[in-house]
Amino acid sequence: MRRLIPSMVAATLALMSGQTHADTLRMQCAPSKEGRQYCNEIKQRFEAQTGHTLEFIDLPPASDEKLSLFQQLFAAKDASAIDLFQADTVWIGVLNKHLLDLTDSVSDIKQDFFPAAWQNNVVNGRVKAVPAYLDSGALYYRKDLLEKYDEQPPVTWADLTRIATRIQQEERAAGHKNFWGFVFQGKSYEGLTCNVLEWVASQNGGSFIDAQGNITINNPQAAQALNMAAGWIGKITPKGALGYMEEESRAVFQNGDALFMRNWPYAYVLAQDSSSAIRGKVGVMPLPKGAEGESVSALGGWQWAINGYTKNPQAAIALLKIVSDAESQKRALALMGQAPSRVALYDDPQVLAQAPYLADFKSIFAQSMPRPATQTKRQYAQVSRAIYNATFNVLRGDSDGVTAVADLQQRLERIKARGWR
Ligand code: GLC
């Protein structure tokens with residue numbers, strides 16, 4: 001009953017303002033318990049405010065799988081499958097012409113967001129999406145175990161390898177048979193492109209493709225970075241990590257079965273949940289670097305975007321405004337650990353009390369390096385596929401660093417052909 005009253009009022013207001021019928025809008029919703037709760041809260045607000053109905057759509061978990069699905073929907077100019085969805089940071093150039101132009105409708109909120117995140121979604125001066133949350137790769141570690149073995153958090157990849165090897169050995173000897181040193185995302189998918197960018201760029205191997213669009217991957221530092229990662233498999237990293245995405249690696253770490261984990265900020269809130277085996281034992285810090293390099297975090301994050309073929313642009317924009325406001329971002333942080341894209345929330349006492357670790361992420365965000373998406377435009381999906389396939393081959397032992405970077409250089413040159421389009 002309490003829920004009905006505001007929606008009836010809103011429906012009446014909508015009728016009075018000339019809107020003659022209520023429509024059904026569809027938005028993407030994460031299938032987890034927390035994801036559903038967040039979406040239901042949005043639904044209540046949206047329906048009460050507009051008198052329309054909101055339905056939820058479930059999407060596949062991997063970024064590149066989601067992208068293929070959207071490419072199919074948009075190729076068919078599908079107007080009804082989805083209205084509002086999250087686009088990965090690296091998709092804006094790929095999907096650009098299928099995204100509703102938001103320039104005029106969101107000019108009033110522009111100044112509330114991190115400028116770099118906002119700028120990522122501007123193509124030829126037109127705003128195509130609004131930052132939903134920020135992501136940056138980080139190293140999670142078990143504070144209690146480093147203390148137990150009198151070790152410091154690792155600064156270089158060599159430190160990480162040595163400490164992981166030692167503690168894994170000692171923990172196993174003490175009876176924890178399935179304990180591992182380091183877990184990351186080793187499956188052949190978009191997440192591996194993020195991991196390999198961090199290994200390569202933090203050891204002075206560049207970022208595959210430079211800002212001018214030149215392909216730079218065929219270099220000895222990059223080859224060596226790939227060999228280093230291959231050397232972890234079966235030693236400090238389970239072979240099963242060749243099938244891990246974010247959630248699989250988090251499951252191992254959160255179960256108490258790994259010393260180090262590479263993951264995004266969301267993993268922190270979940271690791272601290274009352275159901276977590278490692279609650280209170282987790283530290284987070286910038287990823288290690290090479291002896292000669294600097295720590296690098298892949299820049300990730302998701303953006304709210306609207307299907308350019310939607311039949312309900314006005315209602316979809318109203319919905320986008322709700323999910324983009326400070327209240328929704330606070331809920332997304334509390335429930336799903338998503339780091340806000342609104343600047344002011346990083347100084348909000350309520351947010352800081354609830355997520356003090358965000359202060360640690362400030363410096364990690366500052367070290368973020370984008371994947372080569374802007375310069376490769378619509379070809380990014382192919383570029384990333386070539387990168388993660390080549391990396392996967394080395395991790396699996398089917399190629400070695402030197403051969404893989406030479407092959408990858410050629411493959412990227414072929415994709416580029418006469419220039420990035
Ligand atoms: C995270 C990042 C996204 C990235 C993905 C890879 O969701 O935010 O940018 O593509 O991980 O798995």
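Source: prediction; values computed, not measured. The first residue in the sequence is number 1, and the count goes up from there. Counting convention: from 1, in listed order, for ligands and their atoms alike.
The local environment of CD in Glu170 is crowded, with over 12 non-hydrogen atoms from other residues, nucleotides or ligands closer than 6.0 Å.
Ranking the protein heavy atoms by distance from atom 10 (O) of ligand 1 puts Asp88 OD2, 2.4 Å first. The protein non-hydrogen atom at the shortest distance from atom 11 (O) of ligand 1 is Trp264 NE1, 3.1 Å.
Figure legend: Arg262 and Trp264 shown as a cation-pi pair, the cationic atom lying under 6.0 angstrom from the six-membered ring centre and within 45 degrees of its axis.
Contacts with ligand 1 closer than 4.0 Å are made by side-chain heavy atoms of Arg371 only, the backbone lying farther away.
Not one N or O of Gly300 is nearer than 3.5 Å to an N or O of ligand 1, by distance alone. Taking any N or O of Trp302, backbone or side chain, at least one lies under 3.5 Å from an N or O belonging to ligand 1. Inclusion of Asp135 in the set of residues having an N or O under 3.5 Å from an N or O of ligand 1 is warranted. Residue-to-ligand polar distances keep Glu190 apart from ligand 1: every N/O pair is separated by 3.5 Å or more.
Interatomic distance, Ile82 CD1 to Thr310 OG1, rounded to the nearest 0.5 Å: 10.5 Å. Once rounded to the nearest 0.5 Å, the distance linking CD1 of Ile387 with CG of Leu412 reads 6.0 Å.
Short contacts between ligand 1 and Glu246, defined as distances under 4.0 Å to a heavy atom of the residue, involve ligand atoms 5 (C), 6 (C), 11 (O), 12 (O). Distances below 4.0 Å separate heavy atoms of Gly191 from the following atoms of ligand 1: 6 (C), 12 (O).
A salt bridge links Asp112 with Arg342: the closest approach of a Lys/Arg side-chain nitrogen to an acidic carboxylate oxygen falls below 4.0 angstrom.
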Starting from the C-alpha separation in whole Å, work towards a yes-or-no answer on ring-ring contact (aromatic ring centres under 6.0 Å, His included) for Phe114 and Tyr346.
CA-CA 11 Å; Phe114 283 105; Tyr346 287 76; 5.3 Å; yes
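For the ring pair (Phe, Tyr, Trp, His ring centres under 6.0 Å) with Phe85, the lone residue among Phe56, Trp304, Phe70, Trp302 that qualifies is Phe70.
Residue-ligand proximity: Tyr189 is placed with a non-hydrogen atom under 4.0 Å from ligand 1. Proximity of Met245 to ligand 1 is not established, as no heavy-atom distance is less than 4.0 Å.
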